[in-house]
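Below is one structure, written out as structure tokens; the observations come after it.
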There are 2 protein chains.
Amino acid sequence: MSADGGPADEPVRASATAAVTLSEVAARAGVSVSAVSKVLRGNAAIRVSPDTRQRILTAAEELRYRPNFAARALQAARTQVLGLVVPDLTNALFTELMHGVEDEAAAHGYTVLLGRLDTDRPQTEVIARLLGEGRVDGLVLQATDGVDPAALAQLLDPRAAVVLINSVAPGRASSVTVDDVGGGRTATEHLVELGHTRIALAGGLPTSYTAQRRRRGHQQAMRAAGLDPRADHETALGYTADQGRQALRALMQLDPRPTGIVVANVNAAVGLLAEAHALGIDVPGDLSVVTVLDSWTAENTWPPLTAVRMQFYAMGRTAVTSVIRRIGDATMTDEVILDPAPVLVVRGSTASLSP
Amino acid sequence: MSADGGPADEPVRASATAAVTLSEVAARAGVSVSAVSKVLRGNAAIRVSPDTRQRILTAAEELRYRPNFAARALQAARTQVLGLVVPDLTNALFTELMHGVEDEAAAHGYTVLLGRLDTDRPQTEVIARLLGEGRVDGLVLQATDGVDPAALAQLLDPRAAVVLINSVAPGRASSVTVDDVGGGRTATEHLVELGHTRIALAGGLPTSYTAQRRRRGHQQAMRAAGLDPRADHETALGYTADQGRQALRALMQLDPRPTGIVVANVNAAVGLLAEAHALGIDVPGDLSVVTVLDSWTAENTWPPLTAVRMQFYAMGRTAVTSVIRRIGDATMTDEVILDPAPVLVVRGSTASLSP
DNA sequence: CTGAAAGCGCTAACAG
DNA sequence: CTGTTAGCGCTTTCAG
């Protein structure tokens with residue numbers, strides 16, 4: 001209803017068919033296209049008379065000029081857009097990652113284009129489409145869990161500006177990962193400190209780099225506590241609630257039963273907890289559950305899940321810094337976010353072992 | 001490791017700096033660029049000698065030619081990409097929507113670009129950036145809940161190919177919505193059938209079109225059952241778990257307390273349920289909870305949430321059909337997905353009223 | 001059947 | 001300070 005005359009309140013001129021071009025602005029301002037181009041790009045180093053500049057600015061404003069993306073991209077041979085591609089965008093844990101990526105991208109004048117990885121389509125197709133067709137200048141890619149990174153690496157052109165997150169491909173692509181070893185260790189140490197000795201691991205797929213490293217951290221903590229990480233106390237399942245349920249059922253076959261479980265990711269932990277209720281197992285009375293990765297869902301289970309919060313925001317920022325560097329030169333790097341360390345968030349799903 | 005020689009197994013050539021162009025292919029095939037263009041676009045109607053065609057095809061293959069997106073977009077004045085913009089991509093309930101959008105878009109040869117709406121940035125900026133700069137040909141947009149649709153409508157150029165989902169802007173943009181009235185009604189009817197009479201509504205914001213209509217459905221069902229939809233039995237909160245918790249606390253002040261609650265969305269319902277546990281309220285013993293909207297999280301609470309599944313997949317498909325039509329001609333439409341009706345999924349959070 | 005040439009909207013030399 | 005021009009990679013008349 002407000003109409004204070006400011007341009008922000010006017011309808012957005014957006015129809016592609018009626019797009020106003022530089023030359024229209026030039027015509028109205030009575031100057032050449034190049035003058036308009038210079039002024040509108042805001043290049044500070046250019047010399048234009050204040051008068052011309054003003055005429056151009058008002059003409060552009062009146063006409064609602066917007067630069068054409070394709071034309072700019074064609075001429076510059078770059079788009080100023082970065083792709084962020086993950087297997088499942090609606091996974092709550094990506095919230096932080098996306099924010100990290102977007103914040104850092106914005107800070108460098110890049111836009112981010114989100115993509116989803118179709119499980120049934122080859123991963124390379126996305127890469128080829130985005131990078132190969134020049135839709136993006138660089139790619140932050142989380143490969144689908146269960147895809148062998150070595151195999152993926154084979155398919156990557158080493159010249160492509162790709163940075164893998166949560167996975168590595170030495171010599172093929174840059175990578176940024178969170179401290180999965182530390183995360184697995186922190187989770188397990190928490191249970192150890194609570195007095196648990198029969199600690200199980202509801203781990204991820206063995207093909208997953210992330211899962212392997214969380215497992216390593218778990219085992220480190222076990223050994224450090226003089227405990228034996230027994231193979232039958234480990235499951236290897238995927239990242240869904242349903243697979244968390246399966247993991248619990250398998251683990252509960254054990255005799256004696258474990259009193260504590262480290263779950264390799266939140267979604268599985270949520271399912272595992274629901275299954276515990278279904279089986280009449282009291283958490284944390286009979287069983288303590290701690291999960292690696294945190295998200296809003298973990299706060300809203302019953303009991304709320306104790307979790308190890310991983311630094312996804314930082315990973316997102318670092319990944320963007322890394323691709324942008326890659327676009328400039330050919331340097332390939334492998335980074336691990338160690339600095340903000342994983343942090344244990346104690347909620348209600350873990351308790352001291354009561355004998 | 002496999003190396004069967006097929007091109008699919010070769011590294012993806014993707015570096016923008018080393019992109020191979022049409023003229024390089026032409027040179028290698030010993031023909032003109034225009035010939036290559038014709039053949040590679042696969043236009044069936046063109047006449048080229050089988051021999052030339054073959055030479056072109058092999059040259060393109062050997063060089064790993066990929067058409068440049070920007071060049072095509074510039075020349076065609078369209079990108080063949082559609083934008084899907086929602087407030088929060090990681091909201092699990094968008095899974096179905098995205099699939100619907102992607103499936104339908106793919107069927108028409110469009111790619112979809114996902115976007116997130118920053119709460120702190122004006123919604124029009126996204127529209128201007130995507131549509132105005134010609135990054136996309138059309139937009140499927142879910143406005144942030146709480147943004148007044150009328151206000152948004154003012155800001156929309158009626159010529160822009162925008163279709164709103166879960167909201168309307170008559171005369172300004174096309175729209176597609178799910179059957180919110182039916183959803184609210186179905187949820188409430190379920191509680192009525194279980195014998196509840198003191199039924200509360202943990203509704204959404206009054207500015208939300210969707211929330212308004214779910215509320216209307218709720219009230220219809222109440223009146224049809226001879227019940228009085230009392231104002232103090234309704235809350236109006238947003239779409240987060242935390243706001244669901246607040247709603248429950250407010251509702252539990254009532255004396256007598258309601259025995260059933262219809263929650264306007266899943267995330268709030270998950271929070272509300274967690275809060276019920278925290279307050280020592282037995283669900284469904286003391287209180288039945290049913291939510292409009294379903295997602296994997298609803299199956300993994302304790303007890304699992306009874307939910308009304310809305311047709312988000314269909315809405316996604318329809319929305320895409322709608323934008324694409326809008327790109328061609330100027331027809332503006334408002335559609336409601338009535339055909340697959342909302343479906344009640346009974347799980348454990350609702351039970352007959354036990355006196 | 002095939003090629004030369006113009007032009008999409010923009011930027012960046014290079015002249016005036 | 002300002003304008004002219006070439007050309008990014010592609011498609012598309014229009015001649016040959």
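Throughout, a chain's letter reflects where its sequence line sits, starting with A, and its residues are numbered from 1. Values below: all heavy atoms of this structure, side chains included; hydrogens, waters and symmetry mates excluded.
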Quick one: does A/S34 reach the base of D/dT4 with a side-chain donor-acceptor pair under 3.5 Å?
yes
Winner on side-chain proximity to A/S32, out of C/dG9, D/dT4, D/dC10, is D/dT4
Determine: side-chain N/O of A/S37 to OP1/OP2 of C/dC10, distance under 4.0 Å, yes or no.
-> no
A/T58 meets the side-chain hydrogen bond (donor to acceptor under 3.5 Å, both in side chains) criterion, sequence neighbours left out, with none
Checking A/T321, A/V323, A/V168, A/V163 against A/V176 for side-chain contact (heavy atoms from CB on, under 4.5 Å), the one that qualifies is A/V163
(message) Under 4.0 Å, heavy atoms only, any strand: does A/T21 hit a base, just the sugar-phosphate, or nothing?
(response) sugar-phosphate
query = At under 4.0 Å, does any side-chain N or O of A/T52 touch on OP1 or OP2 of D/dT2?
reply = yes
Per atom distances to the A/K38 side chain, the nearest of C/dG9, D/dG3, C/dG3 is D/dG3
Among C/dG9, D/dC10, C/dG3, the one nearest any side-chain atom of A/N68 is C/dG9
At less than 4.0 Å, is any side-chain N or O atom of B/R72 found next to OP1 or OP2 of D/dG9? Yes or no. no
If each end axis of the helix from C/dC1-D/dG16 to C/dG16-D/dC1 is fitted on five C1' pair positions, the angle between them, to 10 degrees, is 50°
From CD of B/Q75 across to P of D/dT13 the rounded distance in Å is 9 Å
Only one of B/L89, B/V126, B/V86 passes side-chain contact (heavy atoms from CB on, under 4.5 Å) with B/R116, and that residue is B/L89
So, OP1 or OP2 of D/dC10: does either fall under 4.0 Å of a side-chain N or O from B/R41? no
